[in-house]
Amino acid sequence: MDARTMSRVIARLETVAPTWTTTALAAIAEQTGQDPFRILIGCLLSLRTRDETTAGASARLFALADTPAGILALPTRTIERAIFPVGFYRTKARGLRSVCRHLLEHFDGAVPSDLDVLLTLPGVGRKTANLVVTMGFALPGICVDTHVHRISNRLGFVRTRDPEETEWALRAKLPKRHWIGLNDLLVAFGQTICQPLSPRCSSCPVSRSCHRLGVGTSR
């Protein structure tokens, strides 16, 4: 699949995306006025966690505190209770306190907008850093999670082995105008239609363009 075809695929998905359930992180961005800090925390909570669980955990935590100083002031046990049952909730509770402390000590409590600087924060990898850059600051970046990696390969737009390799392949090939919204679009698409197992190809709006790489059974 070439870049022109991929642009048409993205345009088609964008026309039907309003009918899909809003992703947890898009909801956080919308509800908080694209607050980079709460997007950062929401993304850290979302790692290895289902969207509906992330949404509830984020809401409970932000009801208690929604700033680095506020979260750092909470006892670890209080954070654990608020974010349960996200995956690895005890480890994440400690991690949230660590990243809040780092923000206060090194950035006066502000979330940096630079990707490389974000990567210096405890527990922040390329997925989280790119998501904060794009959703929190509306700056160019490509956030690649399992959905983006799987779907970009399934469509036949890239041939890559892991999410980081996919990010660099997309940066090289995908027109920059699509970068910011790509993650949320493909995550919602992956949750609704293009699931990992038995995707709903019969109702897919871009089935005619898809190479269906790696697809065995479908619905």
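Predicted model only: the values in this text are computed from it and were never measured.
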The side chain to side chain contact (heavy atoms under 4.5 Å, CB included) partners of Asp108 (sequence neighbours excluded) come to none

Taking [Y]'s backbone N and O only, do any of them form a donor-acceptor pair with [X]'s side chain (distance below 3.5 Å, no angle check)?
X: Ser46; Y: Cys43; answer: yes
X: Arg97; Y: Leu72; answer: yes
X: Thr49; Y: Leu47; answer: yes
X: Lys92; Y: Gly87; answer: yes

Any heavy-atom pair between the side chains of [Y] and [X] that's under 4.5 Å?
X: Cys201; Y: Arg212; answer: yes
X: Leu186; Y: Leu13; answer: yes
X: Val187; Y: Leu25; answer: no
X: Val111; Y: Phe107; answer: no
X: Ile10; Y: Leu174; answer: yes
X: Asn153; Y: Leu213; answer: no
X: Cys210; Y: Cys204; answer: no
X: Phe37; Y: Ile71; answer: yes

Measuring from atom [atom1] of [X] to atom [atom2] of [Y], what distance do you get when rounded to the nearest 0.5 angstrom?
X: Arg8; Y: Ser209; atom1: CZ; atom2: OG; result: 6.5 Å
X: Arg150; Y: Thr160; atom1: CZ; atom2: OG1; result: 12.5 Å
X: Ser218; Y: Leu197; atom1: OG; atom2: CG; result: 12.0 Å
X: Met6; Y: Ser152; atom1: CE; atom2: OG; result: 5.0 Å

For [range], which residue pairs pass the side-chain hydrogen bond (donor to acceptor under 3.5 Å, both in side chains) check, not counting sequence neighbours?
range: residues 122-146; answer: Arg126-Glu167, Asn130-Glu167, Asn130-Arg171
range: residues 53-72; answer: none
range: residues 26-35; answer: Asp35-Arg38

Examine [X] and [Y] and state if one hydrophobic cluster contains both, with Ile, Leu, Val, Met, Phe, Trp and Tyr joined whenever side-chain heavy atoms are less than 4.5 Å apart.
X: Leu45; Y: Leu103; answer: yes
X: Ile39; Y: Val148; answer: no
X: Leu64; Y: Val99; answer: yes
X: Ile142; Y: Leu131; answer: no
X: Ile180; Y: Phe137; answer: no

Taking all atoms of both residues into account, what is the closest heavy-atom pair of [X] and [Y], and its distance?
X: Ser113; Y: Val133; answer: O-CG2, 3.5 Å
X: His149; Y: Pro163; answer: ND1-N, 3.9 Å
X: Leu185; Y: Ala17; answer: CD1-CB, 3.9 Å
X: Lys173; Y: Met1; answer: NZ-O, 2.9 Å
X: Gly109; Y: Pro68; answer: O-CG, 3.4 Å
X: Gly190; Y: His147; answer: CA-ND1, 3.7 Å

Test ring-ring contact (aromatic ring centres under 6.0 Å, His included) applied to Phe84 - qualifying residues, sequence neighbours left out |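 Checked Phe84 against ring-ring contact (aromatic ring centres under 6.0 Å, His included); matches are Tyr89.
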
Side-chain donor-acceptor contact under 3.5 Å, Thr23 with Asp51 =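 Judged by distance alone, the side chains do not pair up.
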
Side chains of Thr15 and Arg12: is there a donor and an acceptor less than 3.5 Å apart?
-> yes

Near Arg48 CZ, under 6.0 Å, is it more than 12 heavy atoms from other residues, nucleotides or ligands?
-> no

For atom CZ of Arg159, decide whether the heavy atoms of other residues, nucleotides or ligands shown that lie under 6.0 angstrom number more than 12.
->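 Incorrect, the count does not exceed 12.
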
Would Val158 and Trp168 count as a side-chain contact (heavy atoms from CB on, under 4.5 Å) if you check the C-alpha gap in whole Å, the side-chain angles of each, and the deciding distance to 0.1 Å?
-> CA-CA 10 Å; Val158 300; Trp168 293 112; over 6 Å; no

With side-chain contact (heavy atoms from CB on, under 4.5 Å) as the test, would you mind laying out the steps for Met135 and Asp184 before giving the verdict?
-> CA-CA 9 Å; Met135 278 193 173; Asp184 190 62; 3.9 Å; yes

Could you pull out all residues at least two apart from Arg50 that satisfy salt bridge (Lys or Arg N to Asp or Glu O under 4.0 Å)?
-> Glu52

Can you list the steps and then say if Phe157 with Ile151 is a side-chain contact (heavy atoms from CB on, under 4.5 Å)?
-> CA-CA 9 Å; Phe157 186 58; Ile151 293 169; over 6 Å; no

Under the side-chain contact (heavy atoms from CB on, under 4.5 Å) rule, what do Val16 and Ile193 come out as? Steps first, then yes or no, please.
-> CA-CA 11 Å; Val16 297; Ile193 295 172; 5.9 Å; no

